[in-house]
Amino acid sequence: MANIAFISPKGGAGKTTAALALALGLAGRGQKVALIDSDPNKPLVQWGALPGRPAAITVHAAPTIQDIRDAVREARRHEPEWVIVDTEGSVRGAMVFAALRFDLVITPLTASQLDAAEAIKAGQMVDSFGKRAGNRLLHRCLMTRVPAAIRPRSLKTVVEQLRGAGIEILPAALIEKEAFRLFFALGGGFETLEADGVTGLAAARQNTDAFVDAVIATLDDATAAAPRETATAGR
Ligand SMILES: Nc1ncnc2c1ncn2[C@@H]1O[C@H](COP(=O)(O)OP(=O)(O)OP(=O)(O)O)[C@@H](O)[C@H]1O
Ligand SMILES: [Mg+2]
């Protein structure tokens with residue numbers, strides 16, 4: 001089972017959208033996913049209450065960080081291969097990485113200077129926590145709401161800035177697409193949107209797939225980089 005958290009000290013960075021896109025992409029590959037909604041506004045719980053939720057995805061509310069362990073325990077009854085935690089966009093919400101043994105912590109951000117500063121802060125927070133706990137925590141930034149047609153100059157600047165600060169970025173970005181907003185209005189996933197007559201889904205679907213690939217590759221690379229640890233744990 002892989003545990004993934006989406007965190008950012010800044011609100012509106014794209015956490016909930018990315019968490020749902022990842023869940024839908026994984027479910028599309030036949031994986032069982034538990035979404036833990038740790039935002040008091042409960043956007044994923046509300047999405048889950050709409051018609052069309054794929055059966056492979058369950059949603060569990062964890063209004064406070066203290067509730068996360070209980071929510072994961074409840075989620076485990078469905079034997080998920082993936083646990084994905086969405087959090088409130090605040091420093092308090094971001095602290096979720098301390099609540100569970102996460103395999104990957106993702107901070108989404110748009111190509112803006114203001115987002116970059118907050119994402120660097122999040123990466124450093126996760127890093128210093130991991131070091132203090134003697135357990136390096138894997139952290140990646142996810143560029144999101146990137147225009148599909150052109151790569152803006154601000155994207156290049158932000159990427160360089162993150163790299164300069166030693167913050168790593170997932171090898172796939174999420175593009176700005178109406179479909180990613182419509183999931184929350186109509187419920188369900190790509191099939192639901194298709195049945196609803198939403199056009200232009202192919203690009204969003206393909207993009208979601210590339211995002212899922214990037215997450216899996218990042219986890220695989222991390223496992224390959226720590227073979228001794230894995231071998232010892234397996235004995
Ligand atoms: N890839 C995308 N394409 C189109 N719209 C997007 C995309 N990602 C996010 N959005 C929109 O941007 C806004 C913020 O996204 P989202 O709610 O996912 O961010 P968040 O980090 O979860 O916010 P909060 O901190 O408030 O929980 C929403 O209106 C959402 O629909
Ligand atoms: Mg959110």
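Order of appearance sets the numbers: ligands from 1, and atoms from 1 within every ligand. Computed over heavy atoms, backbone and side chain alike; hydrogens, waters and symmetry mates excluded. A quick note: this is a predicted structure, and the numbers were derived from the prediction, not measured.
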**Message:** Applying a heavy-atom cut-off of 4.0 Å, say which part of D39 lies close to ligand 1: side chain, backbone, both or neither.
**Reply:** side chain

**Item:** Expected output: side-chain S38 to main-chain A62 donor-acceptor under 3.5 Å
**Value:** yes

**Message:** Show the atoms of ligand 1 that are less than 4.0 angstrom away from any heavy atom in G11.
**Reply:** 25 (O)

**Item:** N or O pair under 3.5 Å between T17 and ligand 1
**Value:** yes

**Request:** Just need the protein heavy atom nearest to atom 5 (N) of ligand 1, so name the residue and atom and give the distance.
**Result:** R181 NH1, 3.1 Å

**Request:** Would you check the N or O atoms of T16, main chain and side chain alike, for any that come under 3.5 Å of an N or O of ligand 1?
**Result:** yes

**Complete:** Paired with I7, the side-chain contact (heavy atoms from CB on, under 4.5 Å) test is passed by just one of I106, V91, T87, namely T87

**Request:** Could you name the option among A18, P108, A179, G12 that has the heavy atom nearest to atom 14 (C) of ligand 1?
**Result:** G12

**Prompt:** With a 4.0 Å heavy-atom cut-off (strictly under), which part of K177 contacts ligand 1: side chain, backbone, both or neither?
**Reply:** backbone

**Asked** Can an N or O of D86 be found at a distance shorter than 3.5 Å from an N or O of ligand 1?
**Response** no

**Asked** Would you say R92 has more than 12 foreign heavy atoms packed within less than 6.0 Å of its CZ?
**Response** no

**Test item: protein heavy atom less than 4.0 Å from atom 23 (O) of ligand 1** = yes

**Message:** Looking at G11, is its backbone amide N or carbonyl O close enough to the side chain of E118 to form a donor-acceptor pair, meaning the two atoms are under 3.5 Å apart?
**Reply:** no

**Message:** Tell me the nearest of K10, R145, E88 to atom 6 (C) of ligand 1, using heavy-atom distances.
**Reply:** R145

**Asked** Any idea which protein heavy atom is nearest atom 19 (O) of ligand 1, and the distance to it?
**Response** G14 N, 2.9 Å

**Prompt:** Charged N to carboxylate O below 4.0 Å: is that the case for K32 and E81?
**Reply:** no

**Prompt:** With hydrophobic residues grouped by side-chain heavy-atom distances under 4.5 Å, do L201 and L22 end up in a single group?
**Reply:** yes

**Item:** Step-by-step side chain to side chain contact (heavy atoms under 4.5 Å, CB included) determination, H60 to L35
**Value:** CA-CA 6 Å; H60 312 267; L35 276 172; 6.0 Å; no

**Request:** Identify, by atom number and element, the atoms of ligand 1 in contact range of E176, meaning under 4.0 Å from any of its heavy atoms.
**Result:** 3 (N), 4 (C), 5 (N)

**Request:** Could you tell me which atoms of ligand 1, counted from 1 in the order shown, lie closer than 4.0 angstrom to a heavy atom of G89?
**Result:** 25 (O)

**Prompt:** Transitively linked via ILVMFWY side-chain contacts under 4.5 Å: L174 with L182?
**Reply:** yes

**Message:** Under 2.8 Å from the Mg ion (ligand 2), can any N, O or S atom of T16 be found?
**Reply:** yes

**Prompt:** R29 side chain to D209 main-chain N or O, any donor-acceptor pair under 3.5 Å?
**Reply:** yes

**Transitive ILVMFWY side-chain link I4 to V33, under 4.5 Å** = yes

**Request:** For E160 and R163, run salt bridge (Lys or Arg N to Asp or Glu O under 4.0 Å): C-alpha distance rounded to whole Å, both residues' side-chain angles, the deciding distance at 0.1 Å, then the answer.
**Result:** CA-CA 5 Å; E160 280 167 5; R163 293 215 173 109; over 6 Å; no

**Prompt:** Mind checking whether S8 has a heavy atom under 4.0 Å from ligand 1?
**Reply:** no

**Message:** For atom 21 (O) of ligand 1, what's the nearest protein heavy-atom neighbour? Residue, atom name and distance, please.
**Reply:** K15 NZ, 2.7 Å

**Message:** My question is simple, although I want it checked carefully: is atom 28 (C) of ligand 1 less than 4.0 angstrom from any protein heavy atom?
**Reply:** no

**Message:** Which of the numbered atoms in ligand 1 are under 4.0 angstrom from any heavy atom belonging to A13?
**Reply:** 19 (O), 20 (P), 21 (O)

**Asked** In Å, rounded to the nearest 0.5 Å, how long is the span from CZ of R53 to CG of L20?
**Response** 11.5 Å

**Asked** Heavy-atom contact under 4.0 Å between I175 and ligand 1?
**Response** yes

